[in-house]
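Read through the structure below, which is laid out as C-alpha coordinates, and then see the notes.
So that the names make sense, note that chain A is the first sequence line, chain B the second, and so on, each numbered from 1.
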Amino acid sequence: AQSVTQLDSHVSVSEGTPVLLRCNYSSSYSPSLFWYVQHPNKGLQLLLKYTSAATLVKGINGFEAEFKKSETSFHLTKPSAHMSDAAEYFCVVREGSQGNLIFGKGTKLSVKP
Amino acid sequence: EADIYQTPRYLVIGTGKKITLECSQTMGHDKMYWYQQDPGMELHLIHYSYGVNSTEKGDLSSESTVSRIRTEHFPLTLESARPSHTSQYLCASSEFWGGTYNEQFFGPGTRLTVL
(Lines give C-alpha, C1' and ligand atoms only; values in the text may rest on other atoms or scores of the structure.)
Protein backbone atom coordinates (compact mmCIF):
# COMPACT_ATOMS: atom_id res chain seq x y z
CA ALA A 1 0.00 0.00 0.00
CA GLN A 2 1.18 3.47 -0.76
CA SER A 3 1.55 6.16 1.87
CA VAL A 4 3.19 9.49 2.52
CA THR A 5 4.81 10.76 5.71
CA GLN A 6 5.54 14.43 6.19
CA LEU A 7 8.13 14.50 8.93
CA ASP A 8 7.33 17.96 10.32
CA SER A 9 3.87 19.28 11.10
CA HIS A 10 5.18 22.83 11.49
CA VAL A 11 8.31 24.56 10.15
CA SER A 12 9.24 28.14 11.01
CA VAL A 13 11.92 30.10 9.12
CA SER A 14 13.02 33.69 8.83
CA GLU A 15 12.47 35.61 5.63
CA GLY A 16 15.44 35.18 3.30
CA THR A 17 16.60 31.87 4.82
CA PRO A 18 16.32 28.44 3.17
CA VAL A 19 13.22 26.28 3.40
CA LEU A 20 13.26 22.48 3.78
CA LEU A 21 10.02 20.51 4.04
CA ARG A 22 10.59 16.78 4.39
CA CYS A 23 8.55 13.97 2.85
CA ASN A 24 9.05 10.21 2.77
CA TYR A 25 6.89 7.90 0.71
CA SER A 26 6.04 4.23 0.50
CA SER A 27 4.94 2.72 -2.78
CA SER A 28 4.97 -0.73 -4.33
CA TYR A 29 5.30 0.61 -7.85
CA SER A 30 7.07 3.47 -9.55
CA PRO A 31 5.32 6.43 -7.96
CA SER A 32 4.35 9.83 -9.18
CA LEU A 33 4.96 12.45 -6.50
CA PHE A 34 3.58 15.94 -6.08
CA TRP A 35 3.80 18.93 -3.79
CA TYR A 36 0.73 21.10 -3.38
CA VAL A 37 0.39 24.37 -1.46
CA GLN A 38 -2.75 25.62 0.28
CA HIS A 39 -3.05 29.23 1.38
CA PRO A 40 -5.69 30.09 4.00
CA ASN A 41 -9.25 29.78 2.70
CA LYS A 42 -8.00 28.80 -0.74
CA GLY A 43 -7.92 25.62 -2.77
CA LEU A 44 -4.77 23.62 -3.40
CA GLN A 45 -2.28 24.71 -6.04
CA LEU A 46 0.27 22.41 -7.66
CA LEU A 47 3.88 23.44 -6.91
CA LEU A 48 5.68 20.67 -8.78
CA LYS A 49 5.49 17.03 -9.82
CA TYR A 50 7.80 14.06 -10.37
CA THR A 51 6.73 11.46 -12.93
CA SER A 52 9.87 9.33 -13.55
CA ALA A 53 11.76 11.89 -15.62
CA ALA A 54 14.53 14.05 -14.09
CA THR A 55 15.01 13.40 -10.37
CA LEU A 56 15.46 17.11 -9.60
CA VAL A 57 12.19 18.83 -10.27
CA LYS A 58 11.74 22.59 -10.47
CA GLY A 59 8.41 24.13 -9.66
CA ILE A 60 6.76 27.49 -9.37
CA ASN A 61 7.81 30.33 -7.06
CA GLY A 62 11.41 29.08 -6.79
CA PHE A 63 10.59 25.73 -5.17
CA GLU A 64 12.26 22.49 -6.16
CA ALA A 65 12.29 18.89 -4.97
CA GLU A 66 14.61 15.94 -5.44
CA PHE A 67 13.38 12.37 -5.85
CA LYS A 68 15.72 9.96 -4.03
CA LYS A 69 14.65 6.38 -4.57
CA SER A 70 17.27 4.92 -2.22
CA GLU A 71 15.97 7.08 0.62
CA THR A 72 12.30 7.01 -0.51
CA SER A 73 12.27 10.77 -0.05
CA PHE A 74 10.92 13.76 -1.96
CA HIS A 75 11.91 16.80 0.10
CA LEU A 76 10.82 20.29 -0.93
CA THR A 77 13.33 23.14 -0.83
CA LYS A 78 13.60 26.82 -1.59
CA PRO A 79 16.82 28.84 -1.27
CA SER A 80 15.24 31.96 0.21
CA ALA A 81 11.87 32.16 1.94
CA HIS A 82 9.43 34.97 1.24
CA MET A 83 6.60 36.11 3.49
CA SER A 84 4.12 35.00 0.82
CA ASP A 85 5.36 31.41 1.18
CA ALA A 86 3.57 31.05 4.50
CA ALA A 87 0.98 28.32 3.88
CA GLU A 88 0.21 24.62 4.31
CA TYR A 89 2.19 22.26 2.09
CA PHE A 90 1.09 18.75 1.16
CA CYS A 91 3.26 15.95 -0.19
CA VAL A 92 1.21 13.60 -2.38
CA VAL A 93 1.84 10.21 -3.98
CA ARG A 94 0.04 8.54 -6.87
CA GLU A 95 0.61 4.93 -7.71
CA GLY A 96 0.87 4.36 -11.44
CA SER A 97 -0.58 6.60 -14.08
CA GLN A 98 -4.24 6.25 -13.16
CA GLY A 99 -4.31 5.81 -9.41
CA ASN A 100 -5.91 8.26 -7.03
CA LEU A 101 -3.84 10.64 -4.90
CA ILE A 102 -2.77 9.90 -1.34
CA PHE A 103 -2.08 13.02 0.72
CA GLY A 104 0.32 13.53 3.60
CA LYS A 105 -0.91 15.27 6.75
CA GLY A 106 0.63 18.56 5.68
CA THR A 107 3.37 20.87 6.93
CA LYS A 108 2.50 24.37 8.01
CA LEU A 109 5.24 26.81 6.98
CA SER A 110 5.56 30.04 8.95
CA VAL A 111 7.85 32.84 7.74
CA LYS A 112 9.06 35.41 10.25
CA PRO A 113 10.08 38.92 9.13
CA GLU B 1 -6.81 29.58 -17.43
CA ALA B 2 -7.99 26.57 -15.47
CA ASP B 3 -11.21 27.27 -13.61
CA ILE B 4 -13.06 25.15 -11.13
CA TYR B 5 -15.84 26.65 -9.08
CA GLN B 6 -17.50 25.67 -5.84
CA THR B 7 -20.62 27.12 -4.28
CA PRO B 8 -21.38 28.03 -1.63
CA ARG B 9 -18.00 28.92 -0.11
CA TYR B 10 -19.42 28.85 3.41
CA LEU B 11 -22.58 27.15 4.67
CA VAL B 12 -24.01 26.98 8.19
CA ILE B 13 -27.05 24.75 8.46
CA GLY B 14 -29.15 22.94 11.02
CA THR B 15 -29.22 19.21 11.67
CA GLY B 16 -31.49 17.20 9.39
CA LYS B 17 -31.42 19.56 6.44
CA LYS B 18 -30.70 18.37 2.92
CA ILE B 19 -27.81 20.15 1.25
CA THR B 20 -26.11 20.12 -2.13
CA LEU B 21 -22.59 21.38 -2.67
CA GLU B 22 -21.98 22.51 -6.22
CA CYS B 23 -18.82 21.98 -8.28
CA SER B 24 -18.27 23.02 -11.87
CA GLN B 25 -15.22 23.09 -14.11
CA THR B 26 -14.77 24.78 -17.46
CA MET B 27 -11.75 22.77 -18.63
CA GLY B 28 -13.58 19.77 -20.10
CA HIS B 29 -11.76 17.41 -17.74
CA ASP B 30 -12.92 13.80 -17.63
CA LYS B 31 -12.17 12.90 -14.04
CA MET B 32 -13.57 14.77 -11.06
CA TYR B 33 -13.12 14.26 -7.32
CA TRP B 34 -14.53 15.24 -3.94
CA TYR B 35 -12.26 15.41 -0.91
CA GLN B 36 -13.05 16.00 2.75
CA GLN B 37 -10.56 17.95 4.86
CA ASP B 38 -10.84 18.55 8.59
CA PRO B 39 -8.95 21.57 10.01
CA GLY B 40 -5.20 21.03 9.99
CA MET B 41 -5.54 17.57 8.52
CA GLU B 42 -4.87 15.82 5.24
CA LEU B 43 -7.37 15.45 2.42
CA HIS B 44 -9.37 12.25 2.16
CA LEU B 45 -10.98 11.17 -1.12
CA ILE B 46 -14.71 10.51 -0.67
CA HIS B 47 -16.00 10.30 -4.26
CA TYR B 48 -14.71 10.41 -7.82
CA SER B 49 -16.01 10.08 -11.35
CA TYR B 50 -14.36 9.04 -14.60
CA GLY B 51 -16.97 10.83 -16.70
CA VAL B 52 -20.69 11.18 -17.35
CA ASN B 53 -22.78 8.58 -15.50
CA SER B 54 -19.71 7.29 -13.63
CA THR B 55 -19.44 7.59 -9.83
CA GLU B 56 -17.11 5.74 -7.46
CA LYS B 57 -16.59 5.76 -3.71
CA GLY B 58 -13.24 6.92 -2.43
CA ASP B 59 -11.02 5.78 0.39
CA LEU B 60 -12.99 7.47 3.17
CA SER B 61 -16.53 6.27 3.77
CA SER B 62 -19.05 9.08 3.45
CA GLU B 63 -22.82 9.37 3.83
CA SER B 64 -22.89 11.82 0.95
CA THR B 65 -23.84 10.96 -2.63
CA VAL B 66 -22.73 12.38 -5.97
CA SER B 67 -23.98 12.49 -9.53
CA ARG B 68 -22.37 13.19 -12.91
CA ILE B 69 -25.00 14.04 -15.50
CA ARG B 70 -22.83 16.58 -17.32
CA THR B 71 -19.07 16.53 -17.82
CA GLU B 72 -18.59 19.92 -16.21
CA HIS B 73 -20.81 19.42 -13.15
CA PHE B 74 -20.25 17.14 -10.13
CA PRO B 75 -22.57 18.00 -7.22
CA LEU B 76 -22.37 16.40 -3.78
CA THR B 77 -25.52 15.87 -1.71
CA LEU B 78 -26.14 15.17 1.96
CA GLU B 79 -29.74 14.00 2.50
CA SER B 80 -29.74 14.74 6.21
CA ALA B 81 -26.89 16.83 7.56
CA ARG B 82 -25.42 16.03 10.98
CA PRO B 83 -22.78 17.79 13.12
CA SER B 84 -20.31 15.02 12.20
CA HIS B 85 -20.48 16.27 8.59
CA THR B 86 -18.89 19.57 9.63
CA SER B 87 -15.75 19.87 7.52
CA GLN B 88 -14.25 21.46 4.43
CA TYR B 89 -15.16 19.86 1.10
CA LEU B 90 -12.82 20.31 -1.84
CA CYS B 91 -13.63 19.50 -5.46
CA ALA B 92 -10.96 18.76 -8.06
CA SER B 93 -10.65 17.70 -11.69
CA SER B 94 -7.98 16.25 -13.95
CA GLU B 95 -7.47 15.59 -17.63
CA PHE B 96 -6.66 12.22 -19.18
CA TRP B 97 -3.86 12.85 -21.64
CA GLY B 98 -0.89 10.85 -22.83
CA GLY B 99 -2.03 7.70 -21.06
CA THR B 100 -2.23 9.25 -17.65
CA TYR B 101 -4.40 11.49 -15.52
CA ASN B 102 -2.48 14.72 -15.19
CA GLU B 103 -2.32 16.91 -12.13
CA GLN B 104 -5.51 17.74 -10.30
CA PHE B 105 -6.89 21.27 -10.25
CA PHE B 106 -8.71 22.22 -7.08
CA GLY B 107 -11.62 24.49 -6.35
CA PRO B 108 -11.57 26.92 -3.39
CA GLY B 109 -13.61 24.60 -1.18
CA THR B 110 -16.87 24.75 0.74
CA ARG B 111 -16.63 25.09 4.50
CA LEU B 112 -19.69 23.35 5.96
CA THR B 113 -20.86 23.76 9.55
CA VAL B 114 -23.80 21.71 10.80
CA LEU B 115 -25.30 22.89 14.07
Side-chain angles (χ1 to χ4, degrees), chain A residues 1-11 21 23-25 29-53 57 59-60 63 65 86-110, chain B residues 1-10 21 23-25 27 29-51 54-60 88-112:
Chain A
Q2 53 186 340
S3 65
V4 171
T5 302
Q6 292 185 242
L7 299 168
D8 306 291
S9 59
H10 189 196
V11 170
L21 305 183
C23 173
N24 286 350
Y25 71 90
Y29 304 98
S30 179
S32 296
L33 293 158
F34 308 80
W35 277 98
Y36 279 85
V37 61
Q38 185 179 31
H39 288 93
N41 300 315
K42 297 284 182 66
L44 277 72
Q45 180 184 20
L46 180 69
L47 276 179
L48 49 80
K49 63 180 178 181
Y50 166 78
T51 54
S52 74
V57 182
I60 62 171
F63 284 95
E88 189 90 19
Y89 292 79
F90 292 95
C91 183
V92 183
V93 64
R94 183 185 69 199
E95 197 163 86
S97 63
Q98 301 190 28
N100 291 321
L101 302 184
I102 304 295
F103 284 77
K105 292 185 182 296
T107 297
K108 183 177 181 179
L109 175 65
S110 299
Chain B
E1 183 178 329
D3 283 320
I4 180 163
Y5 305 96
Q6 290 186 245
T7 57
R9 291 291 313 277
Y10 303 91
L21 308 185
C23 176
S24 295
Q25 49 97 3
M27 299 168 282
H29 287 174
D30 306 302
K31 200 169 180 183
M32 295 187 73
Y33 316 76
W34 275 103
Y35 292 88
Q36 186 173 339
Q37 183 186 27
D38 292 327
M41 301 295 288
E42 69 269 45
L43 280 71
H44 290 287
L45 181 67
I46 52 175
H47 298 284
Y48 60 101
S49 165
Y50 288 104
S54 158
T55 60
E56 305 285 344
K57 290 191 179 296
D59 306 317
L60 181 68
Q88 175 160 248
Y89 294 85
L90 289 161
C91 181
S93 71
S94 62
E95 178 186 26
F96 188 75
W97 183 83
T100 185
Y101 284 102
N102 291 317
E103 65 265 24
Q104 294 183 19
F105 291 90
F106 283 82
T110 293
R111 191 170 294 279
L112 173 65

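- For a residue to count as touching a neighbouring chain, one of its non-hydrogen atoms must lie under 4.5 Å from one of that chain's; by this rule L45(B) touches chain A with the side chain only.
- With a 4.5 angstrom heavy-atom cutoff, L44(A) touches chain B via backbone and side-chain atoms both.
- For Y48(B) (side chain) and N100(A) (main-chain N/O), no donor-acceptor pair under 3.5 Å exists by modelled atom type.
- Among the candidates K42(A), Q38(A), K108(A), the residue making the largest number of heavy-atom pairs closer than 4.5 Å to chain B is Q38(A).
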Between L101(A) and L43(B), does the side-chain contact (heavy atoms from CB on, under 4.5 Å) criterion hold? Intermediate values first, please. CA-CA 9 Å; L101(A) 302 184; L43(B) 280 71; over 6 Å; no
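- Between Y36(A) and E103(B), the closest side-chain pair of non-hydrogen atoms falls below 4.5 Å.
- Within the 4.5 angstrom heavy-atom criterion, only side-chain atoms of Q37(B), from C-beta onward, approach chain A.
- No side-chain donor-acceptor contact under 3.5 Å links Q6(A) and E42(B).
- A 6.0 Å sphere centred on NZ of K49(A) holds more than 12 heavy atoms belonging to other residues, nucleotides or ligands.
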